[in-house]
Amino acid sequence: MNLYYTSTRNSDVRVTASQAILSGLAPDGGLFVPESLPSLDVSFEQLKEMSYQETAYAVMKQFLTDFTEEELKSCIAKAYDSKFDTEEIAPLAKIDDTYYLELFHGATIAFKDMALSILPHLLTVSAGKNKVDKEIVILTATSGDTGKAAMAGFADVKGTRIIVFYPKDGVSRVQELQMVTQKGSNVDVVAIHGNFDHAQSGVKAMFEDKELARELEEAGYQFSSANSINIGRLVPQVVYYVYAYAKLLKYGEIQEGGQIDIVVPTGNFGNILAAYYAKRMGVSVHHLICASNQNKVLFDFFQTGVYDKNREFVLTSSPSMDILISSNLERLIHLIADEDAKKTRAFMERLKTSGSYEITAEMKEKLADFRAGYASEEDTAAAIRAVYEKTGYVMDPHTAVASHVCRSQKEESGSRKCVIASTASPFKFVKSVMDALGKGEEETDELELLPKLENISGVSMPGAVREILHARVLHTTECDADRMEDAVKKILKL
């Protein structure tokens, strides 16, 4: 049976999966969502014996129903190959009594690789299916990880261009170097004078600009997105939660039907939304625990039912979560509003005009699957230090946020197994990690700390980090946050 996609803001919109992937964002500014959330059609008895690639097919075929088996399996094979440094793709590390789902073994050592390794292949197949003859311009805002992972995925992919915007002073040194040294004749990177929310809002505004769309069309271009607003990026993220549950069964850590909690460090809400989709597909999850850093807009939302971005923006040691506008929350709002597009649109209009909205009591009751917690900067550093001192395991600050929240929820969860989405390698945030361990004070250049982290962690420096140490800077463009469209036009020679 074919599964179609509609817009969170207009129920009259109805497109195939490939059309939704190509567009990225719905014409009305809404996000594409499946008309119904599918279920798995294989048992966990079968899933627990499957490889990551086989699990990916079992999950993704339920969402991407206009892809043939051959097309989808080809995309999966090209994505999940030797660019990952572990055969398992997403291994589960049991550390003390907690399970860390390591999502950082790809080409750019962050969880975004899990979806952005496959998105270029899904997109090019989608373009062929829909007889697209224009060059696809991937327009992306990044808080540090999406940008590099997207560029690595799309570099020199025929028929595509990619333009990435990142906050100039809002990413780690390693993250910035990964982006500005990215090779590829179709790749452009722009540092904006502003924060991630400015970058994200600027990108969304360009997607919604009808006049700009006309100019692009005349020049032979069309926009698409690599952000998690693209359903082609969200669906692959569902896979690793299904895979993790199946592996816990295989290892005998849980019995079939046994419930787990999943803790996800999140700013844009896409990664935890994927976990919710996995639960709806049949994974036995008790609570989905949303872990925030000091930009705790999501924590406050789950506590009060009020989403309010009108607050101080804090630069933290977990910059990929330094976000006050959580785009993917719109998909959850649509679900708990009984998929009423008019209601969803009204909430999003309120967010745009006043910076806040409040959901109804009935909607709040439908959030029973979720819990939330947050970590201060002190909590984050303490979590890195405590886990290392007890076990020798070193984690990055984003994972540490989740680790702190997981520990704070232990009393309520009792004996339930807790799986933490470990979203980045500690080498990507070496200064913050070494400072937390009390081993970074004397150094001025964070790159000099990399060999020291290698020594204390007992883990070899990832190739993705090693290669940037001597790479040439190729991208130096900067612009003000309100000049992003001008930058795009200059790059595309419009």
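Computed from a predicted model, the values in this text were never measured in an experiment.
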Start with the C-alpha distance between Thr477 and Asp188, add both sets of side-chain angles, then the distance that settles side chain to side chain contact (heavy atoms under 4.5 Å, CB included), and finish with yes or no. CA-CA 9 Å; Thr477 305; Asp188 285 279; 6.0 Å; no
Could you tell me whether the side chain of [Y] reaches within less than 4.5 Å of the side chain of [X], counting heavy atoms only?
{"X": "Tyr221", "Y": "Leu494", "answer": "yes"}
{"X": "Gln259", "Y": "His287", "answer": "no"}
{"X": "Val283", "Y": "Phe44", "answer": "yes"}
{"X": "Leu47", "Y": "Val242", "answer": "yes"}
{"X": "Thr98", "Y": "Cys406", "answer": "yes"}
{"X": "Asn186", "Y": "Asp156", "answer": "yes"}
{"X": "Ile163", "Y": "Val137", "answer": "yes"}
{"X": "Val189", "Y": "Met151", "answer": "yes"}

Return yes if some donor-acceptor pair links the side-chain N/O of [X] with the main-chain N/O of [Y] below 3.5 Å, else return no.
{"X": "Glu365", "Y": "Glu362", "answer": "no"}
{"X": "Thr360", "Y": "Met363", "answer": "yes"}
{"X": "Ser51", "Y": "Glu54", "answer": "yes"}
{"X": "Asp480", "Y": "His193", "answer": "no"}
{"X": "Asn268", "Y": "Ser327", "answer": "yes"}
{"X": "Asp396", "Y": "Ser425", "answer": "no"}
{"X": "Asn293", "Y": "Ser318", "answer": "yes"}
{"X": "Asn130", "Y": "Ser126", "answer": "yes"}
{"X": "Ser7", "Y": "Gly29", "answer": "no"}
{"X": "Lys83", "Y": "Lys78", "answer": "yes"}

Please report the closest heavy-atom contact between [X] and [Y], naming both atoms and the distance.
{"X": "Pro38", "Y": "Met281", "result": "O-CG, 3.2 Å"}
{"X": "Val125", "Y": "Cys75", "result": "CG2-SG, 3.8 Å"}
{"X": "Ser292", "Y": "Leu298", "result": "OG-CB, 3.8 Å"}
{"X": "Ser284", "Y": "Tyr245", "result": "CB-OH, 3.4 Å"}
{"X": "His398", "Y": "Ser317", "result": "CE1-O, 4.4 Å"}
{"X": "Val263", "Y": "Ala291", "result": "CG1-CB, 4.1 Å"}

Please check if atom [atom1] in [X] has more than 12 non-hydrogen atoms from other residues, nucleotides or ligands closer than 6.0 Å.
{"X": "Glu218", "atom1": "CD", "result": "yes"}
{"X": "Glu211", "atom1": "CD", "result": "yes"}
{"X": "Glu256", "atom1": "CD", "result": "yes"}

Walk me through whether Ser403 and Tyr100 qualify under side chain to side chain donor-acceptor pair (under 3.5 Å). CA-CA 9 Å; Ser403 180; Tyr100 290 79; 3.2 Å; yes
Pairs meeting criterion ring-ring contact (aromatic ring centres under 6.0 Å, His included) with involvement of residues 303-335, two or more places apart: Tyr307-Tyr357
In this structure, is the centre-to-centre distance between the rings of His404 and Tyr374 below 6.0 Å? no
Taking the basic N atoms (NZ, or NE/NH1/NH2) and the acidic carboxylate oxygens, is any pair closer than 4.0 Å for [X] and [Y]?
{"X": "Lys489", "Y": "Glu485", "answer": "yes"}
{"X": "Glu358", "Y": "Arg350", "answer": "no"}
{"X": "Asp66", "Y": "Lys129", "answer": "no"}
{"X": "Asp41", "Y": "Lys61", "answer": "yes"}
{"X": "Lys343", "Y": "Asp338", "answer": "no"}
{"X": "Arg371", "Y": "Asp261", "answer": "no"}

Any chance the side chains of [X] and [Y] put a donor and an acceptor closer than 3.5 Å?
{"X": "Arg233", "Y": "Asn230", "value": "no"}
{"X": "Tyr166", "Y": "Ser143", "value": "no"}
{"X": "Glu330", "Y": "Thr8", "value": "yes"}
{"X": "Thr316", "Y": "Asp322", "value": "yes"}

Could you walk me through whether Asn195 and Asp197 pass side chain to side chain donor-acceptor pair (under 3.5 Å), step by step? CA-CA 6 Å; Asn195 60 42; Asp197 287 331; 5.2 Å; no
Take Ser74 and Glu71 through the test side chain to side chain donor-acceptor pair (under 3.5 Å) and record every step on the way to the result. CA-CA 5 Å; Ser74 171; Glu71 287 168 341; over 6 Å; no
Do Arg345 and Asp28 pass the salt bridge (Lys or Arg N to Asp or Glu O under 4.0 Å) test, and can you show the C-alpha distance, the side-chain angles, and the key distance before you say yes or no? CA-CA 9 Å; Arg345 187 170 66 246; Asp28 49 71; over 6 Å; no
Using side chain to side chain contact (heavy atoms under 4.5 Å, CB included), reason through Gln222 and Ile136 one step at a time and then give a plain yes or no. CA-CA 5 Å; Gln222 75 173 64; Ile136 298 166; 4.3 Å; yes
For Gln175 and Lys148, what are the C-alpha separation, side-chain angles and deciding distance, and is it a side chain to side chain donor-acceptor pair (under 3.5 Å)? CA-CA 8 Å; Gln175 283 178 309; Lys148 170 61 180 179; over 6 Å; no
Go through the steps for Phe301 and Ile333 under the test side chain to side chain contact (heavy atoms under 4.5 Å, CB included), then give the verdict. CA-CA 11 Å; Phe301 168 73; Ile333 295 296; 3.9 Å; yes
Within 45 degrees of the axis of the six-membered ring of Tyr57 and under 6.0 Å from its centre: does Lys73 put its NZ or CZ there? yes
Where does the angle between the aromatic ring planes of Tyr277 and Phe63 fall among parallel (under 30°), tilted (30 to 60°) and perpendicular (over 60°)? parallel
Kindly assign one of parallel, tilted or perpendicular to the pair Phe370 and Tyr276, based on the angle between their ring planes and the thresholds 30° and 60°. tilted
Show, in sequence, the C-alpha distance, side-chain angles and deciding distance for Tyr99 and Cys418, and conclude whether the side chain to side chain contact (heavy atoms under 4.5 Å, CB included) test is met. CA-CA 6 Å; Tyr99 303 84; Cys418 181; 5.9 Å; no
May I have the list of side-chain donor-acceptor pairs in residues 107-122 shorter than 3.5 Å, sequence neighbours left out?
from, atom 1, to, atom 2, distance (Å)
Thr108, OG1, Asp113, OD1, 2.7
Thr108, OG1, Asp113, OD2, 3.0
Lys112, NZ, Thr146, OG1, 2.9
Asp113, OD1, Thr108, N, 3.4
Asp113, OD2, Ala107, N, 3.4
Asp113, OD2, Thr108, N, 2.8
Asp113, OD2, Ile109, N, 3.2
Ser117, OG, Asp113, O, 2.7

